[in-house]
Amino acid sequence: MSAQSRRVVVTGIGMTTPLGVTTEQSWTGLVNGKSGIRTVEEWKTLEFAGAKLPVTIAGLVPQFDPEAWTEHKKDAKRMERFILLAQAAAKQCWDSAGLPPKLSDEEGDMAGCIVGVGLGGLGGIIDSYTSLMTKGPRRVSAFFIPAIVANLAPGNISIRFNLRGANWAPASACTSGAHGIGEGFMHVRDGRADLMLCGGAEACCEPLAVAGFASMHALCTNSNDAPEKASRPFEKNRSGFVMGEGAGFLLLEEYTHAQKRGATIYAEMIGYGSTADANHITAPSEGGEGAQRAFKQALRMAGINKEQVGYINAHGTSTHFNDKSESDAIKAVYGDHTKKLMVSSTKSMTGHLLGGAGGVESVISVLALQRGVLPPTINYETPDPECELDYIPNTARQHRVDVVQSNSFGFGGTNGVLLFGRAR
């Protein structure tokens with residue numbers, strides 16, 4: 001078998017989201033249409049130069065105990081939250097794959113870790129800068145830099161499991177997690193690795209980030225009193241996205257390698273598209289033209305017809321321009337097949353996890369494929385005539401599909417599309 005023809009299967013899954021620390025907690029919330037968006041009580045009383053935050057809601061991971069997921073208790077104090085969330089999702093993924101606690105050096109040489117991260121350790125930067133200004137340079141922790149750098153998410157994971165191959169962190173805004181998985185897929189497909197632990201992680205629900213996104217008019221600012229109703233992708237009355245945090249990972253493995261060790265195969269990864277709009281730093285291209293090209297790339301790589309795709313886990317941020325351009329792109333590429341194609345945005349329940357979104361939504365896509373249950377778009381009450389697709393409104397749908405697509409788009413006009421097929 002040539003390196004170019006190597007099949008890549010998913011043999012491990014793990015996610016930590018605003019709906020729960022574990023994969024099953026998150027999945028149960030998703031299929032039951034539960035919202036993970038809550039009031040952040042401490043934000044309600046904060047004032048900056050006499051002004052309050054315009055947003056006091058977010059999707060935070062509930063009851064998260066870092067010590068339960070780190071290899072050593074001291075790590076819980078030395079790692080920033082995005083790394084700790086990555087540890088939790090990666091450990092679940094690794095365990096679900098049935099792999100030993102650490103690989104041998106020989107096995108580790110053909111295994112790697114790629115984790116997409118958007119803003120990284122924003123909270124640690126803010127805290128350390130405050131220490132510098134109020135207490136002086138000697139009070140800045142020696143762990144400050146290793147705690148905030150994006151590639152320390154895959155770095156710490158590689159140390160934990162002895163993954164000695166490719167190790168890096170794509171930083172492509174809200175497409176980071178999808179790029180982490182897509183690039184890991186290419187490593188296995190092309191023969192550079194037999195195993196790749198890949199995904200995305202983010203934890204930047206900080207007042208500074210809220211203020212920045214709100215200044216861009218990107219956040220929902222009119223639902224502080226009804227947080228569970230705030231995220232409304234594709235719905236006429238949507239008014240912006242809701243920030244969230246979390247991490248999601250897949251274990252990607254060469255097919256015969258998985259067969260030899262008797263691994264459970266959740267799905268097969270079959271396609272990856274990555275393009276740029278080359279249009280604007282924040283606004284998507286007209287009609288989602290860049291996204292359209294990413295769809296087509298992924299379909300060509302998979303060698304399938306568009307009619308074989310049954311479900312799309314949409315980027316669906318709940319912003320006007322993103323939702324319309326994504327809907328336009330789907331209609332342009334899938335044409336008449338949109339009458340049978342089902343689409344949903346799980347950000348209606350998790351909020352937007354930024355760099356972690358593509359990782360979490362890939363896990364959701366794989367579970368939807370494997371279990372034959374398609375999560376809904378909740379808070380879908382008044383259809384938007386500019387977004388005319390089957391968005392699986394409000395209630396999960398039991399439906400077997402053979403191919404699912406996961407979309408991610410980000411500032412700078414970056415697009416990532418992943419295709420997964422039913423295990424065979």
Side-chain angles (χ1 to χ4, degrees), residues 14-23 25-26 29-30 34-43 53 55-66 68-70 76 79-92 115-127 147-148 150 152-153 169 171 173-178 180 199-214 218-220 227-228 230-231 240-249 315 317-318 345-364 408 410:
M15 62 178 166
T16 294
T17 80
L19 290 166
V21 177
T22 69
T23 303
Q25 287 171 343
S26 296
L30 288 161
K34 181 181 177 182
S35 174
I37 310 304
R38 298 288 183 270
T39 298
V40 184
E41 292 295 336
E42 56 265 37
W43 289 1
L53 287 174
V55 176
T56 57
I57 60 175
L60 302 180
V61 175
Q63 300 176 324
F64 179 66
D65 176 10
W69 299 101
T70 51
M79 295 177 183
E80 267 296 294
R81 189 171 173 90
F82 79 99
I83 299 177
L84 294 168
L85 294 177
Q87 289 272 331
K91 180 66 165 61
Q92 293 177 70
V115 184
V117 179
L119 293 175
L122 181 62
I125 294 172
I126 295 168
D127 292 344
I148 60 132
L152 264 293
C174 305
T175 316
S176 301
E202 195 83 272
C204 61
C205 293
E206 299 285 343
L208 180 61
V210 169
F213 282 122
L219 291 184
C220 174
E228 295 178 352
S231 186
F241 79 84
V242 180
M243 290 184 66
E245 64 176 8
F249 280 76
H315 189 59
T317 58
S318 193
S345 173
T346 46
K347 288 184 180 70
S348 59
M349 294 172 278
T350 65
H352 191 355
L353 311 189
L354 307 177
V360 166
E361 288 159 15
S362 293
V363 176
I364 295 169
S408 293

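- Within a 6.0 Å radius of CD in Gln63, no more than 12 heavy atoms belonging to other residues, nucleotides or ligands are found.
- Annotation: the span from Ile57 atom CD1 to Ile37 atom CD1 amounts to 7.0 Å, rounded to 0.5 Å.
- Judged by distance alone, with hydrogens and angles left aside, the side-chain atoms of Gln92 form no donor-acceptor pair with the main-chain N or O of Gly14 at under 3.5 Å.
- You'll find the side chain of Val21 reaches within 4.5 Å of the side chain of Trp69, heavy atoms only.
- Glu80 pairs by the salt bridge (Lys or Arg N to Asp or Glu O under 4.0 Å) definition with nothing, not counting sequence neighbours.
- Evaluation of the salt bridge (Lys or Arg N to Asp or Glu O under 4.0 Å) rule for Glu361 yields Lys347 as partners, not counting sequence neighbours.
- Counting heavy atoms from C-beta on, the side chains of Met15 and Leu30 come closer than 4.5 Å.
- Closest approach of Leu84 and Phe64 over heavy atoms only: O-CZ, 3.6 Å.
- The only member of Thr16, Thr346, Thr17 that meets side-chain hydrogen bond (donor to acceptor under 3.5 Å, both in side chains) when paired with Ser26 is Thr17.
- For the pair Met79/Pro66, no side-chain contact is recorded, criterion being any heavy-atom separation below 4.5 Å from C-beta on.
- The two residues Cys205 and Leu60 make their nearest non-hydrogen contact at CB-CD2, 3.7 Å.
- Minimum heavy-atom separation, Ala247 to Ala89: O-CB, 3.6 Å.
- Taking the side chain as every heavy atom from C-beta outward, Leu19 and Lys34 approach each other to under 4.5 Å.
- Remark: Ala214 engages Pro54, Leu219 in a side-chain contact (heavy atoms from CB on, under 4.5 Å) (not counting sequence neighbours).
- Across every non-hydrogen atom of Ser408 and Gly358, the tightest pair is OG-CA, 3.6 Å.
- Here the side chains of Ser231 and Thr350 are not in contact, with every heavy-atom distance at 4.5 Å or above.
- In this structure, Met349 and Gly29 approach most closely via the heavy-atom pair SD-O, 4.1 Å.
- The shortest side-chain heavy-atom distance between Val55 and Met243 does not fall under the 4.5 Å cut-off.
- With sequence neighbours left out, the salt bridge (Lys or Arg N to Asp or Glu O under 4.0 Å) criterion links Glu42 to no other residue.
- Counting only heavy atoms from C-beta outward, the side chains of His352 and Val242 never approach each other to under 4.5 Å.
- In terms of the side-chain hydrogen bond (donor to acceptor under 3.5 Å, both in side chains) criterion, residue partners of Thr22 (sequence neighbours excluded) are, by chain and number, Gln25.
- Put simply, the side chain of Glu202 gets close to the backbone of Gly120: a donor and an acceptor are under 3.5 Å apart.
- Side-chain contact between Leu354 and Phe82 is absent, with no heavy-atom pair separated by less than 4.5 Å.
- Residues Phe249 and Val115 share a closest heavy-atom pair of CE2-CG2, 3.5 Å.
- Taking CD1 from Ile125 and CG from Leu119, the interatomic distance works out to 8.5 Å, rounded to the nearest 0.5 Å.
- Listed by chain and number, the residues in a salt bridge (Lys or Arg N to Asp or Glu O under 4.0 Å) with Glu206 amount to none (sequence neighbours excluded).
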